[in-house]
Asks: 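Questions regarding the structure given below will be posed in turn.
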Amino acid sequence: MGTAAHRSIWWLASPLAAVLLLFFAVPLVLIGVVSFWSYTGYSITPAFELRNYAGIFDGCRVGGAGPCVVLSTYLSTLFFCVVVWAITLVLGFCIAYFLVFEVRSSRMRIGLGILCTIPFWTSNVIRMISWIPLLGRNGMVNLALMQLHLINHPLEWLLYSRFAVAVAMVHINTVFMIVPLINSMARISPSLIEAARDAGASWWQTLRNIIIPLCRGGIAIGSIFVITVVMGDYITVGLMGGEQIASVGKTIQTQIDALQFPIAAASAVLLLAFVMLMILALIRIVDIREEL
Amino acid sequence: MSGEKTLRGKIEFAAVTKSYGRVVAVDTISLKLPAATYCCLLGPSGCGKTSTLRMLAGHEDVSSGDILLDDVNVTDLAPAQRGTAMMFQNYALFPHLSVAENIAFSLKMQGIGRAERREAAEPLLQMVELAAMADRLPAQLSGGQQQRVALARALMTRPAALLLDEPLSALDPFLRLRVRGELKRLQKSLGISFVHVTHTQDEALALADIVVLMNDGRIEQQGTAHDVFSHPRTAFVARFIGGHNVIAQGDSEVAVRADKVTLSRAGTGTMAQHAATIRDIEYGGMAYHVRLSDAHGRDYSCILQEGAFAQLGPIDGETLAMSWAESDAQPLEPAAN
């Protein structure tokens, strides 16, 4: 292949490169730059100082009384991250397994696959609000439980609680797990499963020894989706948590609302670094290149 | 693999049917194979040969009828409990496991430890000459090597019957001939039955003790390779097994082997004959292969030895008399349906 041909191939990639540069790389760099600026209650000045980063860790001293704000916020967010990741992984795996290995007709499979995207048929806000009649104090779940005489008083923790946040996050994020898992599973030749059965593997042994190892890439990609979305979330935590639960995204949002852009930028850079570390750790365990 | 060898792999199909909804893939077939038989299931695609193999393997439910292996009714047994092992068409090697782990997979399923598995895999690794590649992944092997891993993995369970689904179709012609010979030798030395699905007639003729030729879910003819080739029962068999001309004689048809047909300009008074026009002459080294067709558009072929060819000197497009000895004409039964 000549150099001319090479050059024309690079040109084909240039529109995407330009879009990514303009709308992804440049803003990201700007956030990094602004995170070093200084600000007061009424002004923001270009500078290069680490005060914003120091400000984030305010009160974080070794031997200090209790965890500082940033640490407890990250712990709270990580809690959601772990819970939602674990639930979406199990749920997504089961649903993907069912769609790929149990549903015989491809029309049925496509139909059920579309059903999985129902959470996305409406806007995020409406989706959240619609949990209120279900989980609220006088919502369907509470009324049903009371009428069955299982409880005497409405359960207060159903809505505006960590539980509610986790439910809503699982609801939105499961499909991000399902899709890469379906992709991985669909590549597993049925004859591999028959070969395992031929060698005496039970259903469980086939799952453990063949299907799960061959889904590692799909699990990794789904995990990246879920982890990044949950780590940066502030809308779900706000609405479903009754604005009472701390999360990293919520912190950044509050700082932006207060027009404290430099410290918001510094918080964002910290979050970015944290999520990147999580993903790097994941990629170290699983090579996802073969899935792409 | 010690002491005196008992022959294993006596297989019996008793009125076995497989239907998918209304479609009947295998229609009440009955078949008896003695122990240590090399059997080829031969037929065009969609004839039911693969379904038959998969029912024997236990990867397909039997709709009705019974399958016996070494006098045990295995119809409802799980694949691993039958004493069969399957070698899949695409080999179905586990891509994330090493060669040794692939071969010893069945032991892993029995809960046998890694070191012991490795030890047990060693003789099989040596048998298929892959001992040096024990730790490679399947993707790092050639097609032929992958096939040997699949073979070793299937033999790990010490089956009474090894079931091979088109084992040679993915190999290049040179390797195909070599593996063909190896399979036959292996079957004889193990003293077990091989059931080999193929759509290639020369493969079946070369390998099989018993050829089972299937068509449309039924067994069209079964017997030794020699028997099926020299006495085709129906026109379908004669055409599929190759090397035969199906010639209409009044209401019935006969099969005449291509090498038993002689061509002449005048015709030979004492022999049966049929006029046909030469369409194509092909030199095949050992002999000339002449293709002809008659006024009804039916095709024939004739193999002429070099001497006979030189004497006749046929030309493309020339109309000649095909003649054959009455004793070489194999009467054919009309098609079953």
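A, B, ... follow the sequence lines: proteins, then strands. Residue 1 opens every chain.
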Asks: Can you confirm whether more than 12 heavy atoms, excluding those of B/Lys10, are under 6.0 Å from its NZ atom?
Replies: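 Counting other residues, nucleotides and ligands, NZ of B/Lys10 stays at 12 neighbours or fewer.
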
Asks: Is the CZ atom of A/Phe163 crowded by more than 12 outside heavy atoms at less than 6.0 Å?
Replies: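 For A/Phe163, atom CZ is crowded (more than 12 foreign heavy atoms under 6.0 Å).
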
Asks: Can you tell me if B/Tyr20 has over 12 outside heavy atoms packed within less than 6.0 Å of its OH?
Replies: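 Yes, the 6.0 Å shell around OH holds more than 12 heavy atoms from other groups.
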
Asks: Take atom CD in B/Gln110; do more than 12 heavy atoms of anything else shown fall under 6.0 Å from it?
Replies: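 Yes.
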
Asks: Let me know which of B/His59, B/Arg82, B/Arg153 forms a side chain to side chain contact (heavy atoms under 4.5 Å, CB included) with A/Asp198.
Replies: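 So the option named by the test is B/His59.
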
Asks: How many angstroms lie between CZ in B/Phe88 and OG in A/Ser189, if you round to the nearest 0.5 Å?
Replies: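 B/Phe88 atom CZ to A/Ser189 atom OG measures 8.5 Å (nearest 0.5 Å).
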
Asks: What are the two closest non-hydrogen atoms of A/Ala199 and B/Phe105, and how far apart are they?
Replies: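 Result for this residue pair: CB-CD2, 3.7 Å.
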
Asks: Please rank A/Gly200, A/Pro190, A/Ala195, A/Ala201 by heavy-atom pairs under 4.5 Å with chain B and give me the top one.
Replies: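 Winner by heavy-atom pair count: A/Ala195.
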
Asks: OG of A/Ser202 to CE of B/Met109: how many Å apart, nearest 0.5 Å?
Replies: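 So the OG of A/Ser202 and the CE of B/Met109 are separated by 8.0 Å.
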
Asks: Is the number of heavy atoms from other residues, nucleotides or ligands within 6.0 Å of CG (B/Asp61) greater than 12?
Replies: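 12 or below, so no.
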
Asks: Once you round to the nearest 0.5 Å, how far does CG of A/Leu192 lie from CZ of B/Phe94?
Replies: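 A/Leu192 CG to B/Phe94 CZ: 6.5 Å, rounded to 0.5 Å.
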
Asks: Counting only heavy atoms closer than 4.5 Å, note whether B/Leu93 contacts chain A via side chain, backbone, both or neither.
Replies: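 Backbone only.
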
Asks: Please identify, among B/Gly58, B/Ala92, B/Ala78, the residue contributing the most non-hydrogen atom pairs under 4.5 Å to chain A.
Replies: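 Most pairs with chain A among the choices: B/Ala92.
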
Asks: Name the residue from B/Lys108, B/Glu101, B/His96 that meets the side chain to side chain contact (heavy atoms under 4.5 Å, CB included) definition with A/Asn209.
Replies: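 Of B/Lys108, B/Glu101, B/His96, side chain to side chain contact (heavy atoms under 4.5 Å, CB included) with A/Asn209 is met by B/Lys108 alone.
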
Asks: Determine whether more than 12 heavy atoms belonging to other residues, nucleotides or ligands lie under 6.0 Å from atom CZ of A/Phe225.
Replies: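 Atom CZ in A/Phe225 is not packed in, count stays at 12 or less.
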
Asks: Could you look at B/Ala85 and say if it's the side chain, the backbone, both or neither that has a heavy atom under 4.5 Å from chain A?
Replies: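 Answer is both: backbone and side chain atoms of B/Ala85 are under 4.5 Å from chain A.
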
Asks: Should we count NZ of B/Lys188 as having more than 12 external heavy atoms under 6.0 Å?
Replies: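 More than 12 heavy atoms, drawn from other residues, nucleotides or ligands, come within 6.0 Å of this atom.
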
